[in-house]
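Below is one structure, written out as structure tokens, with a few remarks after it.
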Protein chains: 2
Amino acid sequence: MERDLDLIFAALADPTRRAILAMLLEDDMAVTDVAAPFAMSLAGISKHLGILATAGLISQERRGRVKWCKLEPDAMREASIWMQAFGQFEAINLDAFERFLEVELAPQQDDANTPPG
Amino acid sequence: MERDLDLIFAALADPTRRAILAMLLEDDMAVTDVAAPFAMSLAGISKHLGILATAGLISQERRGRVKWCKLEPDAMREASIWMQAFGQFEAINLDAFERFLEVELAPQQDDANTPPG
DNA sequence: GGCATACTCAACCGATCGGTTGACAATGGC
DNA sequence: GCCATTGTCAACCGATCGGTTGAGTATGCC
């Protein structure tokens with residue numbers, strides 16, 4: 001748990017790794033494609049991906065000779081919850097916030113008649 | 001900005017520093033008192049406090065020969081905002097969330113008789 | 001089979017990190 | 001004035017970090 005936070009925050013402390021996460025936000029990617037925009041060796045990127053995977057921030061699945069990298073947003077939640085203890089929401093009504101989330105995250109019946117787009 | 005995130009996440013990646021932040025959540029503290037619970041030299045703790053201060057997570061004010069350490073929760077907001085892009089609130093209506101925050105963070109009428117800080 | 005593609009591993013490098021010790025500076029109490 | 005308290009600085013130490021290169025392993029295509 002504490003160890004998790006060590007790994008997650010350490011992983012997030014590097015700008016290359018944050019950039020990789022931002023790329024994976026758009027879509028899953030192969031290792032080679034992740035590496036393409038960076039002026040860095042493929043092995044270097046592979047190391048970064050290993051660190052992100054160890055922290056649980058991404059998962060990697062091999063299909064054929066291609067290893068696909070996928071963002072795992074849940075891992076950030078633990079860190080985010082820890083951070084939120086430090087005053088970010090101290091001024092707001094947490095009960096109301098939870099009710100707000102409940103409504104927002106509920107299966108959305110109302111959207112059945114919402115026009116698509 | 002990117003540099004800020006480097007410093008903040010790196011500062012948060014150490015368990016001793018996170019423990020210090022948790023202590024400061026309760027109250028402002030002198031350097032010696034911060035150091036007390038740890039099996040570490042005062043100089044070691046002083047270094048950690050320097051790292052937290054550089055990251056903007058705490059501020060330090062010298063009064064007499066005592067240096068008081070104070071949590072600065074705002075610094076975490078930047079990092080928290082960055083993290084929230086990664087799916088934690090992806091399913092909720094961000095406009096509604098902003099309106100919710102506006103209401104919750106609005107100056108509260110009930111506090112009108114609070115003495116100015 | 002042969003070859004290009006897609007990675008990983010091991011070894012190495014300099015820089016930084018987390019921690020120590022010892023000396024030092026500044027302040028406050030008696 | 002003297003001394004304890006409070007805290008920092010500089011130097012050092014081993015470990016880890018971010019990156020490289022070179023070799024090696026699967027896999028897929030022709």
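As the structure is a computational prediction, the values presented were derived from the model and not from experiment. Each chain gets a letter, A, B and so on, in the order its sequence line appears, and its residues count up from 1.
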Practice prompt. Let me have a per-nucleotide readout for nucleotides 3-13 of chain C, 5' to 3', with B, S or -, counting only protein heavy atoms under 4.0 Å.
Written response: -BBSBSB-B--
Partner residues of [X] under the side chain to side chain donor-acceptor pair (under 3.5 Å) criterion, sequence neighbours left out:
{"X": "B/Arg63", "answer": "B/Glu61"}
{"X": "A/Thr54", "answer": "none"}
{"X": "A/Ser41", "answer": "none"}

Fill in: Nearest-0.5 Å distance that lies between atom CG in B/Leu21 and atom CG in B/Leu49
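If I round to the nearest 0.5 Å, the distance is 9.0 Å.
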Between [N] atom [atom2] and [X] atom [atom1], what is the distance in whole Å?
{"X": "B/His48", "N": "C/dG18", "atom1": "NE2", "atom2": "C1'", "value": "6 Å"}
{"X": "B/Arg18", "N": "C/dG18", "atom1": "CZ", "atom2": "C1'", "value": "15 Å"}
{"X": "B/Ile51", "N": "C/dT16", "atom1": "CD1", "atom2": "P", "value": "13 Å"}
{"X": "B/Met40", "N": "C/dT20", "atom1": "CE", "atom2": "C1'", "value": "11 Å"}

Worksheet item: Which pairs count as salt bridge (Lys or Arg N to Asp or Glu O under 4.0 Å) when at least one residue sits in residues 20-49 of chain B, sequence neighbours excluded?
Response: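 The answer is none; no pair qualifies.
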Worksheet item: Would you say A/Ser41 reaches D/dG19's phosphate, i.e. side-chain N/O to OP1/OP2 under 4.0 Å?
Response: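 No, no such contact exists.
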Practice prompt. Identify the two heavy atoms, one from A/Ala11 and one from A/Ala55, that lie closest to each other, and give their separation to 0.1 Å.
Written response: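 Heavy atoms of A/Ala11 and A/Ala55 come nearest at CB-CB, 3.9 Å.
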Practice prompt. May I ask you to test the A/Leu24-A/Lys70 pair for a side-chain heavy-atom distance under 4.5 Å?
Written response: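 Heavy-atom side-chain distance check fails, nothing below 4.5 Å.
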Discussion item. Any base atoms under 4.0 Å from A/Arg17, or only sugar-phosphate, or nothing? Heavy atoms, all strands.
Written reply: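 Sugar-phosphate only.
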Practice prompt. Answer with base, sugar-phosphate or nothing: what part of the nucleic acid does B/Gly44 contact at a heavy-atom distance below 4.0 Å?
Written response: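 Since a base atom lies under 4.0 Å of B/Gly44, the category is base.
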Fill in: Near-strand residues of residues 5-16 of chain A, defined as heavy-atom separation under 4.0 angstrom from DNA chain C
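None, since no heavy atom is under 4.0 Å.
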Worksheet entry | Qualifying residue for side-chain contact (heavy atoms from CB on, under 4.5 Å) with A/Leu57, from A/Met76, A/Glu72, A/Arg18 |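 By the side-chain contact (heavy atoms from CB on, under 4.5 Å) criterion, A/Leu57 pairs with just one of A/Met76, A/Glu72, A/Arg18: A/Met76.
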